Amino acid sequence: MNEGDPKIIVALDFPDAAPAWSLIDRLEPGSCRMKIGKEMFTRLGPRFVEEVIARGFDVFLDLKYHDIPNTVAAACDAAADLGVWMMNLHASGGRRMMETAMQRLAGRSHRPLLIAVTILTSLSQEELNEIGFPGTPEENVQRLAGLARESGLDGVVCSPREAARLRQAMGQEFLLVTPGVRPASASLDDQKRVMTPGDAVRAGASYLVVGRPITAADDPPAALRSIAAECAASG
Ligand code: C5P
């Protein structure tokens, strides 16, 4: 793990390797982590993950596993073999799925962090109810975060808007990883309900996932430095 424990996780959302590497080449492993998601993983495969790790970066493998317990545990094991720092699964896969995955990772000397997605922030109240989850998105987020914690997971991915309530309910040790972060001066892109980095950290976020404010900036290292400085001033 990166000793400096940088709070910013840069979302590597690119259609292929070349633009990803031109960004990676400009950033220092001590200043940020990298998130690799379904698009890049599906295009470039596990070798890309290993290459980013070989450059010295901690990698959050954002594949949101959701399957029967044995299959998810085996996938987590495979991700751990790649050397990732953090990975995730859907809490709605249930307690046994989460516990089995944690048990599979537990024996490792450098156990990767395992966090849960609760409710996708893209789901409206109507869509959530339609798939059979009664109650509000907030109630479901709280319930599933509690289930993830009871199942031994390290934390959850959440909207920065949910961070304060989750921090209060889940205690100080539980990791809250928040996308949907925008510096006051940045474009919202397609994000609707954002928070500034400083507000997210004050609300209790442990790590901030930031994509386009860094990846699409004219000067990505400067954009990263500015966001990191705002976090440090708020922590
Ligand atoms: O470019 P931007 O900062 O909006 O990227 C945010 C990253 O976090 C993307 O990889 C996106 O898929 C991810 N994410 C999100 N909102 C969620 C969950 C994940 O923006 N609720």
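These numbers come from the heavy atoms of this one structure, side chains and all, not from hydrogens, waters or symmetry mates. Since this is a predicted model, take the numbers as computed values, not measurements. Both ligands and their constituent atoms are indexed starting at 1 by order of listing.
- For atom 21 (N) of ligand 1, the nearest protein heavy atom (residue, atom name, distance) is T121 OG1, 2.5 Å.
- Within ligand 1, the atoms closer than 4.0 Å to a non-hydrogen atom of V209 are 7 (C), 8 (O), numbered from 1 in the order shown.
- Ligand 1 is never approached by V157 to a heavy-atom distance shorter than 4.0 Å.
- Near R212, meaning under 4.0 Å from one of its heavy atoms, ligand 1 places the atoms 1 (O), 2 (P), 3 (O), 4 (O).
- The closest protein non-hydrogen atom to atom 10 (O) of ligand 1 is D13 OD2, 2.7 Å.
- Of the possible donor and acceptor atoms, none in the side chain of N88 sits under 3.5 Å from a partner among the backbone N and O of L114.
- When all heavy atoms of A101 and V72 are compared, the pair lying nearest together is CB-CG1, 4.2 Å.
- When only non-hydrogen protein atoms are considered, atom 6 (C) of ligand 1 lies nearest to Q191 NE2, 3.9 Å.
- The shortest separation from a heavy atom of D189 to ligand 1 is not under 4.0 Å, leaving the residue out of contact.
- Checked by atom type and distance alone, the side chain of D62 never pairs as donor or acceptor with a backbone atom of K38 at under 3.5 Å.
- The single protein non-hydrogen atom nearest to atom 12 (O) of ligand 1 is K35 NZ, 4.3 Å, given as residue, atom name and distance.
- Between the side chains of R95 and T100, no donor-acceptor pair is found at a separation under 3.5 Å.
- A donor-acceptor distance shorter than 3.5 angstrom exists from the side chain of R182 to the backbone of S187, with no hydrogens or angles considered.
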Problem - Verdict with reasoning, R161 to D199, per salt bridge (charged side-chain N to carboxylate O under 4.0 Å, His left out) - result: CA-CA 9 Å; R161 307 258 174 161; D199 285 345; over 6 Å; no
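- The protein atom (non-hydrogen) at minimum distance from atom 2 (P) of ligand 1 is R182 NH2, 3.4 Å.
- Residue P213 approaches ligand 1 through these ligand atoms, each under 4.0 Å from one of its heavy atoms: 3 (O).
- The aromatic ring centroids of F48 and W21 lie less than 6.0 Å from each other.
- Each of the atoms 7 (C), 10 (O) of ligand 1 lies under 4.0 Å from some heavy atom of A11.
- With ligand atoms numbered from 1 in the order given, ligand 1 contributes 1 (O), 2 (P), 3 (O), 5 (O) to contacts under 4.0 Å with heavy atoms of G211.
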Handout entry: Check against side-chain contact (heavy atoms from CB on, under 4.5 Å), M102 and L153
Key = CA-CA 7 Å; M102 272 314 276; L153 267 68; 3.8 Å; yes
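- When atom types are taken as modelled, the side chain of R167 and the backbone of G204 share a donor-acceptor pair closer than 3.5 angstrom.
- Looking at atom 19 (C) of ligand 1, its nearest protein heavy atom turns out to be P179 CG, 3.7 Å.
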